[in-house]
Peer 1: 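Let me begin by handing over the structure; questions about it come next.
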Amino acid sequence: MEITQLIKVGVSKAVEALYQHSVSATDILVSATRKEFEGDYTVVVFPFTKAARKAPPAIAEELGNYLVEHVEDIEAFNIIKGFLNLVVSNSYWSKFLSEVAGQEQYGKHPDNGERVVIEYSSPNTNKPLHLGHIRNNLLGWSMSQILTTAGYDVKRVQIINDRGIHICKSMLAWQKFGNGETPESSGMKGDHLVGKYYVAYNTEEKKQKAALAEAGKEDDEPTILTEAREMLLKWEDNDPEVRKLWEMMNGWVFSGFDTTYKRLGVSFDKLYYESQTYLLGKDAIDAGLEKKIFYTKEDGSVWIDLEDAKLDHKLVLRSDGTSVYMTQDIGTAQERFKDYKMDKSVYVVGNEQDHHFKVLFKILERLGASYADNLYHLSYGMVELPEGKMKSREGTVVDADDLMDEVVQIAKQESEERGDVADLPADRKQEVWRRIGLAALKYHMIRVSPRKTMVFDPKESVDIQGQSGPFIQYSAVRANSVLKKAGDWGGDVSAYSTPESQEKDLMVMIKRYPDVIQEAVKNYDPSLVGNYAYELAKSYNKFYHDIRILKAESEAAKSFRLLLTQVVSRTLESALTLLGIEVPERM
RNA sequence: GGUCUCGUAGCUCAGCUGGAUAGAGCAGCUGACUUCUAAUCAGCAGGUCACAGGUUCGAACCCUGUCGGGAUCACCA
């Protein structure tokens with residue numbers, strides 16, 4: 001049994017024995033002792049005052065004595081007000097360290113037999129990925145890694161919104177103004193090229209609107225919009241020419257997205273295309289009508305009444321019989337279950353769709369879907385710039401590719417100034433810079449809890465000092481460097497019996513790692529792992545600064561510290577991997 | 001207007017199911033490289049945890065209300 005559990009059980013028994021009162025071990029609060037105090041773990045004794053009918057310090061005294069006597073690894077204690085600080089034996093720690101070092105993947109849970117499908121990214125195909133997508137992708141990827149580590153069989157999917165009026169707009173503008181331009185002929189990435197024509201469309205539409213307004217006909221539709229609508233109709237009619245154009249331009253976009261995903265380090269097990277799924281869901285509506293879950297209005301439109309769930313009425317089928325977004329999502333959910341028979345579903349989608357997902361989940365529940373209880377909307381806040389929201393109309397959208405370029409460029413500059421990797425061959429240097437730059441960007445985004453709207457300053461995004469990706473990488477690189485210098489090492493760790501506070505601090509941190517992963521799973525929150533990695537790196541830096549490893553005072557101390565270093569390095573690397581961050585060979 | 005959500009240092013953010021004197025980083029000031037990598041470490045300064053009540057031995061955290069920011073409430077996707 002692990003130490004915090006031993007303490008809880010011990011306290012539970014002590015309370016029973018001393019005060020004839022039963023407390024469940026799970027209700028007992030055990031936390032790491034704060035640094036300013038002596039001890040490793042702290043029990044809060046206030047909750048027992050009623051049962052004991054004594055002052056907290058007196059209770060702490062009695063509990064402390066009981067624990068020291070009955071729990072093997074508790075060696076001593078001290079009391080500050082109502083807090084009982086326990087000192088864990090040194091032999092426990094050296095045992096713990098050896099155990100962790102012996103594990104192939106510390107923190108990894110064995111398969112739990114459950115499958116979870118996580119949907120993320122899900123872009124439109126009319127323009128390239130931007131800052132908001134980066135947050136989405138990093139959250140999705142990171143969450144999928146965390147779930148995998150927690151023992152789930154994870155399937156990563158996205159649904160690509162490859163049809164609709166917005167794509168037609170890009171297509172139309174390309175036809176009108178493109179002169180046959182292609183990614184090859186222009187040297188542009190496909191998604192950027194298509195994005196360029198989306199902008200061109202909007203410029204033209206604006207121009208026409210202005211002209212109409214001038215002529216006093218502001219209620220008229222601009223002809224270019226009419227044309228776009230017509231194109232959409234042709235698309236739906238399977239017009240061969242429109243379809244061909246559509247396929248060609250979508251192809252450009254997809255290959256552009258692929259490049260971006262690869263650079264970001266994310267991937268998918270399966271792609272769903274809306275062009276293939278948008279007709280799904282109607283069967284479900286029919287079935288729901290039969291079961292009287294939905295009702296039909298006089299005009300033929302189909303609705304669901306969710307007033308009892310405080311969600312109002314919601315349209316699920318238009319009066320002309322065509323589907324709405326909700327219809328498709330119902331269909332896609334069913335399709336996905338058919339494909340994967342998953343136990344859980346996670347949708348990584350921005351918080352502007354909170355309401356949509358509440359309704360969707362409720363409808364699926366009403367329809368009696370077996371998986372309805374295990375749907376989760378991983379909702380995240382918008383990414384804003386210091387000057388406010390990103391507006392594509394105002395050209396303030398931060399492009400994903402540009403941002404990655406910039407961040408790597410800055411890492412390169414910094415690195416060259418320091419000259420730490422100057423002797424590496426060019427390709428390896430490049431790889432180091434890539435890892436550092438991306439780490440800065442990724443950490444910056446993922447350290448904020450998902451739900452919060454975050455402010456992203458591109459200039460400061462490449463934080464390299466303080467709480468940053470490179471800071472954590474640096475600790476890992478240092479640790480690896482020491483291990484390399486140490487050459488062959490081994491030796492009896494248990495012979496070292498007087499760990500310093502910095503060493504104990506590290507061990508307590510390491511011990512927390514599996515719990516942190518569990519918390520991240522429970523809360524669907526990768527930022528917990530990010531913050532943990534930073535804390536661990538910080539502790540290691542302090543240890544590294546204060547204590548000699550290779551020139552330790554004894555062989556036993558040296559072995560112990562090297563083993564500790566190895567465990568820290570592995571844990572840091574593991575935590576960073578969960579965030580999609582790689583450790584460079586040097587920096 | 002209804003619903004949801006956020007409000008913690010000049011700025012960006014932590015703060016686990018209520019527990020010790022509310023913590024980091026950046027920015028500002030001060031120290032530490034002949035030592036295992038100074039992308040580091042140590043220190044100073046910076047707070048009415050939006051506000052007001054309530055519950056509790058104990059509240060940044062729970063409840064109620066108020067004020068501010070954001071989102072959403074489409075036969076749009």
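No experiment lies behind these values; they were computed from the predicted model shown. In the text below, chain A, chain B and the rest are named by the order of the sequence lines, each starting its count at 1.
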Peer 1: Could you check whether A/N85 gets within reach of a base, just the sugar-phosphate, or nothing at all, counting any heavy atom under 4.0 Å?
Peer 2: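 Here A/N85 touches the bases of the nucleic acid.
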Peer 1: Look at atom NE2 of A/H313 and say whether more than 12 heavy atoms of other residues, nucleotides or ligands are closer to it than 6.0 Å.
Peer 2: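 Result for NE2/A/H313: enclosed.
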Peer 1: Angle between ring planes, A/F471 versus A/Y534, binned at 30° and 60°: parallel, tilted or perpendicular?
Peer 2: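 A/F471 and A/Y534: tilted rings.
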Peer 1: Does any non-hydrogen side-chain atom of A/Y295 lie less than 4.5 Å from one of A/V302?
Peer 2: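 The answer is no; the side chains never approach within 4.5 Å.
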Peer 1: By the 4.0 Å heavy-atom rule, please label A/T42 as base, sugar-phosphate, or nothing.
Peer 2: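 Base contact.
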Peer 1: N/O contacts under 3.5 Å, protein versus nucleotides 21-23 of chain B?
Peer 2:
unit_1, atom_1, unit_2, atom_2, d
B/U21, OP1, A/K81, NZ, 3.0
B/G23, OP1, A/R34, NH2, 3.1

Peer 1: Using atom P in both nucleotides, what's the gap between B/U30 and B/A60 to the nearest angstrom?
Peer 2: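 Straight-line distance between the two P atoms is 36 Å.
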Peer 1: Would a 4.5 Å heavy-atom cut-off, applied to side chains only, mark A/L576 and A/V583 as touching?
Peer 2: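 In contact.
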Peer 1: Can you tell me if the side-chain N/O atoms of A/K452 get under 4.0 Å from OP1 or OP2 in B/G7?
Peer 2: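 Looking at the OP1 and OP2 atoms of B/G7, one of them is under 4.0 Å from a side-chain N or O of A/K452.
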Peer 1: Only counting residues at least two apart or in another chain, list the ones meeting side chain to side chain contact (heavy atoms under 4.5 Å, CB included) with A/S501.
Peer 2: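 For A/S501, no residue satisfies side chain to side chain contact (heavy atoms under 4.5 Å, CB included) once neighbours in sequence are set aside.
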Peer 1: Between the protein and nucleotides 38-46 of chain B, list the N/O to N/O atom pairs that are separated by less than 3.5 angstrom.
Peer 2:
unit_1, atom_1, unit_2, atom_2, d
B/A38, OP2, A/R478, NH2, 2.6
B/A39, OP1, A/Y474, OH, 3.2
B/A39, OP2, A/R418, NH1, 3.1
B/A39, O4', A/R418, NH1, 2.8
B/U40, OP1, A/G466, N, 3.4
B/U40, O3', A/N541, ND2, 3.2
B/U40, O2', A/R478, NH1, 3.2
B/C41, O2', A/H545, ND1, 3.0

Peer 1: All N/O contacts under 3.5 Å from nucleotides 69-72 of chain B to the protein, with atom names and distances to one decimal?
Peer 2:
unit_1, atom_1, unit_2, atom_2, d
B/G70, O3', A/K389, NZ, 3.0
B/A71, OP1, A/K389, NZ, 2.0

Peer 1: Considering only heavy atoms from C-beta outward, does the side chain of A/Y41 approach that of A/N85 to under 4.5 Å?
Peer 2: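 A side-chain contact is absent here, since even the closest heavy-atom pair is not under 4.5 Å.
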Peer 1: Between A/H377 and A/V349 (side chain of the first, backbone of the second, donor and acceptor by atom type, cut-off under 3.5 Å), is there such a pair?
Peer 2: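 Looks like yes, one N/O pair under 3.5 Å.
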Peer 1: Enumerate the salt bridge (Lys or Arg N to Asp or Glu O under 4.0 Å) contacts for residues 440-452 of chain A, please, sequence neighbours excluded, ordered by first and then second residue.
Peer 2: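 Matches after skipping sequence neighbours: none remain.
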Peer 1: Does any non-hydrogen side-chain atom of A/V421 lie less than 4.5 Å from one of A/E585?
Peer 2: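 No; the side chains remain at least 4.5 Å from each other.
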Peer 1: Please tell me if the side chains of A/K8 and A/V11 come closer than 4.5 Å, counting only heavy atoms from C-beta onward.
Peer 2: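 Side chain of A/K8 against side chain of A/V11, heavy atoms only: no contact under 4.5 Å found.
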Peer 1: What interatomic distance, in whole Å, is found between P of B/A50 and the corresponding atom of B/A22?
Peer 2: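 It comes out at 15 Å once rounded to the nearest Å.
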Peer 1: Based on Watson-Crick and G-U pairs with both distances under 3.5 Å, what dot-bracket line describes RNA chain B 5' to 3', crossing pairs as [ ] and inter-strand pairs as |?
Peer 2: (((((((..((((.....[...)))).(((((.......))))).....(((((..]....))))))))))))....
Peer 1: So does A/M509 get a backbone contact from the side chain of A/Y532, meaning a donor-acceptor N/O pair under 3.5 Å?
Peer 2: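 The answer is yes, because a donor-acceptor pair under 3.5 Å joins these two groups.
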Peer 1: Write down the distance separating the C1' atoms in B/C16 and B/A59, rounded off to the nearest Å.
Peer 2: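 Result for the C1' pair: 16 Å, nearest Å.
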Peer 1: Would you mind reading off the distance between A/I547 atom CD1 and B/U35 atom C1', rounded to a whole angstrom?
Peer 2: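 About 15 Å, once rounded to whole Å.
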Peer 1: What's the CG-P distance between A/N124 and B/C76, to the nearest Å?
Peer 2: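 Value for this atom pair: 17 Å.
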Peer 1: Using atom P in both nucleotides, what's the gap between B/C4 and B/C49 to the nearest angstrom?
Peer 2: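 Their P atoms lie roughly 26 Å apart.
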Peer 1: Tell me: CZ of A/F560 to P of B/C36, nearest whole Å?
Peer 2: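 Those two atoms, CZ and P, are 22 Å apart.
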Peer 1: Is it true that the NZ or CZ of A/R163 lies under 6.0 Å from the centre of A/Y278's six-membered ring and within 45 degrees of the ring axis?
Peer 2: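 Checked: cation-pi criterion met.
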Peer 1: Assign A/V516 to base, sugar-phosphate, or nothing according to its heavy-atom contacts below 4.0 angstrom with the strands shown.
Peer 2: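 Here A/V516 touches no strand at all.
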Peer 1: In whole Å, measure the gap between the P atoms of B/G31 and B/G70 for me.
Peer 2: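 So the two P atoms sit 45 Å from each other.
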Peer 1: Which residue pairs satisfy the salt bridge (Lys or Arg N to Asp or Glu O under 4.0 Å) criterion with at least one member in residues 513-535 of chain A, sequence neighbours excluded?
Peer 2: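 Qualifying pairs: A/E519-A/K522.
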Peer 1: Quick check: are there more than 12 heavy atoms from other residues, nucleotides or ligands sitting under 6.0 Å from NZ of A/K429?
Peer 2: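 Enclosed.
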Peer 1: Closest nucleotide of RNA chain B for A/R447 versus for A/L550: which of these residues is on the 5' side?
Peer 2: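 Closer to the 5' end of RNA chain B: A/R447.
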Peer 1: Could you pull out all residues at least two apart from A/Q413 that satisfy side chain to side chain contact (heavy atoms under 4.5 Å, CB included)?
Peer 2: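 Applying side chain to side chain contact (heavy atoms under 4.5 Å, CB included) to A/Q413 gives A/Q409.
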Peer 1: In whole Å, measure the gap between the P atoms of B/C63 and B/G25 for me.
Peer 2: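 It works out to 32 Å between them.
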Peer 1: What integer distance in Å separates A/N523:CG from B/A14:P?
Peer 2: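 Rounded to the whole Å, the gap is 13 Å.
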Peer 1: Output every pair passing salt bridge (Lys or Arg N to Asp or Glu O under 4.0 Å) with a member in residues 303-326 of chain A, not counting sequence neighbours, ordered by first then second residue.
Peer 2: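 Counting only pairs at least two positions apart or across chains, the salt bridge (Lys or Arg N to Asp or Glu O under 4.0 Å) contacts touching residues 303-326 of chain A are A/D308-A/R366.
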Peer 1: According to side chain to side chain contact (heavy atoms under 4.5 Å, CB included), who are the partners of A/E500, at least two apart in sequence or on a separate chain?
Peer 2: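 So A/E500 forms a side chain to side chain contact (heavy atoms under 4.5 Å, CB included) with A/Y496, A/Q502, A/E503, A/I547, A/R561.
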Peer 1: Take atom CG of A/L29 and atom C1' of B/G18, then tell me their distance rounded to the nearest Å.
Peer 2: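 It works out to 9 Å between those atoms.
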Peer 1: Whole Å only: how far is the CZ atom of A/F456 from the P atom of B/C26?
Peer 2: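 These atoms are roughly 18 Å apart.
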Peer 1: Write down the distance separating the P atoms in B/G1 and B/G65, rounded off to the nearest Å.
Peer 2: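 Straight-line distance between the two P atoms is 15 Å.
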Peer 1: Pick the nucleotide of RNA chain B nearest each of A/V44 and A/V477; which residue has the one closer to the 5' end?
Peer 2: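 Taking each residue's closest nucleotide, the earlier one in sequence belongs to A/V44.
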Peer 1: Side chains of A/E553 and A/K558: closer than 4.5 Å at any heavy-atom pair?
Peer 2: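 With C-beta onward as the side chain, the pair stays apart.
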Peer 1: Tell me which residues in residues 310-326 of chain A put a heavy atom below 4.0 Å from RNA chain B, sorted by number, or none.
Peer 2: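 Within this stretch, A/L315, A/R318, A/S319, A/Y325 sit under 4.0 Å of the strand.
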Peer 1: Checking one value: the base orientation of B/C62, syn if chi is within 90 degrees of 0, otherwise anti.
Peer 2: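 Anti.
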Peer 1: Provide, to the nearest angstrom, the distance between the CG atom belonging to A/D525 and the P atom belonging to B/U17.
Peer 2: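 My rounded result for the distance is 11 Å.
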Peer 1: Separation of A/H444 atom NE2 from B/A14 atom P, in whole Å?
Peer 2: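 Roughly 12 Å, once rounded to whole Å.
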Peer 1: Run through A/R229, A/E236, A/M231 and flag the one making a side-chain contact (heavy atoms from CB on, under 4.5 Å) with A/L233.
Peer 2: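 The residue from A/R229, A/E236, A/M231 that satisfies side-chain contact (heavy atoms from CB on, under 4.5 Å) with A/L233 turns out to be A/E236.
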Peer 1: Among A/V407, A/I436, A/I410, A/V408, which one satisfies side-chain contact (heavy atoms from CB on, under 4.5 Å) with A/L441?
Peer 2: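 So the option named by the test is A/V407.
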Peer 1: Encode nucleotides 54-60 of chain B as B, S and - characters from 5' to 3', where the letter depends on protein heavy atoms closer than 4.0 Å: B to the base, S only to sugar-phosphate, - to neither.
Peer 2: ---B---
Peer 1: Identify whether NZ of Lys or CZ of Arg in A/K297 sits under 6.0 Å from the centre of the six-membered ring of A/W303 and within 45° of that ring's axis.
Peer 2: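 Yes, a cation-pi geometry.
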Peer 1: What interatomic distance, in whole Å, is found between C1' of B/G68 and the corresponding atom of B/A52?
Peer 2: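 It comes out at 15 Å once rounded to the nearest Å.
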